[in-house]
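First the structure, in the form of structure tokens, and then the observations on it.
Remember, it's a predicted structure, so these values are computed and weren't measured experimentally. Heavy atoms only: backbone and side chains are in, while hydrogens, waters and symmetry mates are out.
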Amino acid sequence: KGHTQLRLSQMKLAVNFLTIGLVILSLPCGSYTEIPPKPPGSVTVLPPVKPAGGPQAFPDAENSNLPVFTMDYARIQVPFEVTLWVLLASFAKIGFHVYHKITFWVPESCLLISIGLIVGAIMHSVHEEPPAVLSYNVFFLFMLPPIVLESGYFMPTRPFFENVGTVLWFAVVGTLWNSIGIGMSLYAVCQIEAFEVQDINLQENMLFAAIISAVDPVAVLSVFEDVSVNEQLYIVVFGECLFNDAVTVVLYNMFIFVADMPVVEPVDVFLGVARFFVVGLGGMGFGVIFGFVASFTTRFTSNVREIEPLFIFMYSYLAYLVAELFSISSIMAIVTCALTMKYYVEENVSQRSCTTIRHVVKMLGTISETLIFFFLGVVTITTEHEWNWGYIMFTLLLALVWRGLGVLVLTQIINPFRTIPFNFKDQFILGYGGLRGAISFALVFTLPDSIGRKKLFLTTTICMIMFTVFIQGISIRPLIEFINVRRTNRNLETINVEIHSRLIEHTIAGVEDLCGQWSHYYWKDKFLKFNNRILRKILIRDNRAESSIVALYKKLELQNAMEILDTVSGDINAGSSIVSLQYVYPLSPSSSCSLSLSLYFALSLILLLSLSLACSPSLSLSLVLSLTLSCSLFCSLFCSLSLSLSLSLSVFVH
């Protein structure tokens, strides 16, 4: 009975609550007000119109709940896609070096362009355009400085100053030779009516010739290091590449201004020549000033070691930006700054800071150049091209001819002034090693839209880069070994060699002083005295003059200690992971290599699909998931088969 009464009271309470709810819901919204009477006559008063997007006196109430999950892709689109590009390029470099025979015969630039072609084909298949990240300001303000800083900072100082005349001769005069020769020849080709390029005037041909005169022999230098070619040939190619970029950018900016001029008068030619020297020398002056300031600043950083690398990067970049501010050679400024401060900075900062500087400079330069080559492959597929057989083929032919003639003529002029002249084999490698690369592509890609045949210039430059990188870059190693170029033992750096080198240099400097002939030995000896008496006291904290023999001894001991440390740490790290497998079934190098390749292949494919999804949000999610699952299953199957095969072979052998 008590249970029944409880149930009845609960039912009454529920009925009461339901009645109250229905009454509340039946009430009208708002308040009761009297409706004003309609005014007499035929005039009708309309209710006030609410503004579309403006403020309202009584806004409508909007019911909004707290979202559990939101996605704002537009906010992070640019950094997200840039991160994916960098990751994909980094995975590509890792994959290239897993199997060393790939990079031994094929240059990295070829492989990066190939990966870019694959990504471009995928983007083209889903009808997507590449992100517009490579603009004029992005290239010149963010991507070019790390590339040039890396080349300038890692320039071998002693061989460079011993061959500085030859380097500047080939870089400045050689670039002018190629630009003027190719530009005039292409203008003559444009007069042939059959090629249908009569609308390209002389100024635009000179601009295009300056762009494709920029050499980028990264692949050649890596081959030179592997086969240990003679030091003179190596430093001339290295220095020509570096200062050639500076001359090319100066000509590029000058010819862009001239291309918009309807008529070029003789006065403009003289002003252009004067501007060329002012821009180059002004850039060198700014670089020396900022290099000395950076060296002087690091003299007082002994108590703040953690910010020592920051001054190196900031002063180098500041030299570049100030040079851009005054429209002078920013490349020359940052190169001169790196060459000036390197010697003094590395004596002021700690060894850890020095290692940090070297690694960060190398990393930034490598990332920038890798992204440009990668983007080149993407643009080759996804960009609309203008094809002209005659103009493209004549450009390839004229570039090879003028490069070869320039090396032969300039070498015959400079050889009488050299202690070790270049023979015919060296001249052939100098001419054949003129590869085009990242700088040429970036310059032509950032051309202004006012250039009428920009698409034709872009297509021709890509063909030029493909031909030189794939054909000349792959064949340079067999040619060096076939013609037997003079070699140098680069590892022969001992105290004994340094003592005899210094003895010979001092002897030659004394003989030159007695004979009244001033060559680079004489000027080098004078600079060393000036450096020890004045510059070191101002720029270096411990300004005691240090012998080159003592400096070499410290360098060799440091290298030996680092090699021992790397060997010991490598053995310690590898021991724990290998010992458990060695007692079961030892894996062969080929099986571990195949396993690494398969894992790399899986990661690269997943990252590639993520990049495609990021660049094309409209792509079907089910398609992406199915492709990712298929690739993962394929890679897992490949890993399993590789591991099973290696274990079976190990069991069979044992």
Quick one: does any side-chain atom of [X] pair with a main-chain N or O of [Y] as donor and acceptor, under 3.5 Å?
X    : Y    : answer
W402 : W177 : no
N415 : P421 : no
R436 : I212 : yes
T468 : I465 : yes
T446 : L443 : yes
R403 : L430 : yes
S329 : V279 : no
K425 : I483 : yes
K342 : Y153 : yes
Y317 : L141 : yes

With the side chain counted from C-beta on, respond yes when [X] and [Y] share a heavy-atom pair under 4.5 Å apart, and no when they do not.
X    : Y    : answer
E204 : I451 : yes
T340 : I289 : no
M155 : I235 : yes
F422 : T166 : yes
L447 : F208 : no
L271 : R275 : no
M206 : L251 : no
L435 : F470 : no

Please check if atom [atom1] in [X] has more than 12 non-hydrogen atoms from other residues, nucleotides or ligands closer than 6.0 Å.
X    : atom1 : answer
M284 : CE    : no
F296 : CZ    : no
M184 : CE    : no

By salt bridge (charged side-chain N to carboxylate O under 4.0 Å, His left out) - contacts of E481 (at least two apart):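 So E481 forms no salt bridge (charged side-chain N to carboxylate O under 4.0 Å, His left out) with any residue.
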Rounded distance (nearest 0.5 Å) linking atom [atom1] of [X] with atom [atom2] of [Y]:
X    : Y    : atom1 : atom2 : result
F243 : S151 : CZ    : OG    : 10.5 Å
C337 : L339 : SG    : CG    : 9.5 Å
N205 : L186 : CG    : CG    : 5.5 Å
S213 : I439 : OG    : CD1   : 13.5 Å
Y320 : I334 : OH    : CD1   : 7.5 Å
F441 : I372 : CZ    : CD1   : 8.5 Å

Residues I211, M464; criterion side chain to side chain contact (heavy atoms under 4.5 Å, CB included); working and verdict: CA-CA 11 Å; I211 291 174; M464 186 80 187; over 6 Å; no
For the student: nearest non-hydrogen atoms of [X] and [Y], plus distance:
X    : Y    : value
Y234 : V229 : CB-CG2, 4.3 Å
V407 : Q427 : CG1-O, 3.4 Å
I328 : G283 : CD1-N, 3.7 Å
F373 : A438 : CZ-N, 3.8 Å

Sole candidate of N178, T175, D216 that passes side-chain hydrogen bond (donor to acceptor under 3.5 Å, both in side chains) when paired with N244: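 Filter result, single survivor: T175.
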All side chain to side chain donor-acceptor pair (under 3.5 Å) counterparts of T298, not counting sequence neighbours: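 N348.
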Parallel, tilted or perpendicular: ring planes of F530 versus F527, cut at 30 and 60 degrees: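 Because their plane-to-plane angle lies in the 30° to 60° range, the rings of F530 and F527 count as tilted.
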Working for ring pair (Phe, Tyr, Trp, His ring centres under 6.0 Å), residues F286 and F326: CA-CA 10 Å; F286 273 105; F326 291 99; 5.8 Å; yes
Matching residue for F445 among F139, F457, F375 - test: ring-ring contact (aromatic ring centres under 6.0 Å, His included):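 Output: one option passes, namely F375.
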N-O pairing of R158 and E231 below 4.0 Å: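 Judged by the 4.0 Å cut-off on N to carboxylate O distance, R158 and E231 do not form a salt bridge.
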Qualifying residues under ring-ring contact (aromatic ring centres under 6.0 Å, His included), relative to Y344, sequence neighbours excluded: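 None.
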